[in-house]
Amino acid sequence: MVDSLRKPQNTQFDELRPGVKAPSKDTILTPRFYTTDFDEMAKMDMSVNEDEVRAIIEEFRADYNRHHFVRTDVFDQSWEHIDGKTRELFIEFLERSCTAEFSGFLLYKELGRRLKDKNPLLAEGFNLMSRDEARHAGFLNKAMSDFNLQLDLGF
């Protein structure tokens, strides 16, 4: 753990090191990583809803929203006009959202890995969902850089 945390300009956030935001304080709303029972997931009976699952996976394969999380020219500006409490709340929102998306990415990727031999159809679905969650997390983490911050997701 870092002994001394410094405050970035115009915010109330601590940094682990220059430009890397310290995680939120531990509260009931603190971003957390998702968990699941992998063995129970492997035992899921897909026979009842297999047609629906196949249809959902076809939509994931088509990747209809692949262009929804793209930084357009709108992002090419300074965000210094957002300050004070609004800035603080927006950065917290970005952090919580990014952490949730990154957590979903990790969980779904692990589910895809663990289910690939037991339930290939479900494994593919989770791998495709993992792709989307990674895309969302990357978009949100890049938005943090607009405020001269980033998250150390490995931390």
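Sequential numbering from 1 along the given sequence is applied to the chain's residues. Note that the structure is a prediction, hence the values are computed from the model and not measured.
- A salt bridge between Arg54 and Glu58 is absent, with no side-chain N of the basic residue lying under 4.0 Å from a carboxylate O of the acidic one.
- No donor-acceptor pair under 3.5 Å is formed between the side chain of Arg96 and the backbone N or O of Ile91.
- Every pair passing ring-ring contact (aromatic ring centres under 6.0 Å, His included) that includes a residue from residues 42-74 is listed here, sequence neighbours excluded: Phe69-His136, Phe69-Phe139.
- Around the CZ atom of Phe75, the shell of radius 6.0 Å holds more than 12 heavy atoms that belong to other residues, nucleotides or ligands.
- Contact check on Glu124 versus Arg61 returns a salt bridge, with a Lys/Arg side-chain nitrogen under 4.0 Å from an Asp/Glu carboxylate oxygen.
- Evaluation of the side-chain hydrogen bond (donor to acceptor under 3.5 Å, both in side chains) test over residues 69-78, restricted to residues two or more places apart or in two chains, returns Arg71-Asp146.
- Residues Asp132 and Arg135 are paired through a salt bridge, judged by an N-O separation under 4.0 Å between the basic side chain and the carboxylate.
- Asp63 has a carboxylate O that lies under 4.0 Å from a charged side-chain N of Arg131, or vice versa, which qualifies the two as a salt bridge.
- Taking each heavy atom of Met46 and Asn119 in turn, the nearest pair found is CG-ND2, 3.0 Å.
- Looking only at distances, a side-chain donor or acceptor of Ser97 sits under 3.5 Å from a matching main-chain atom of Phe93.
- Remark: the backbone N or O of Leu151 is paired with a side-chain donor or acceptor of Asn141 at under 3.5 angstrom.
- Pairs engaging residues 108-129 under the ring-ring contact (aromatic ring centres under 6.0 Å, His included) rule: Tyr108-Phe126 [sequence neighbours left out].
- Within the 3.5 Å criterion, the main-chain N or O of Glu52 finds no donor-acceptor partner in the side chain of Asn49.
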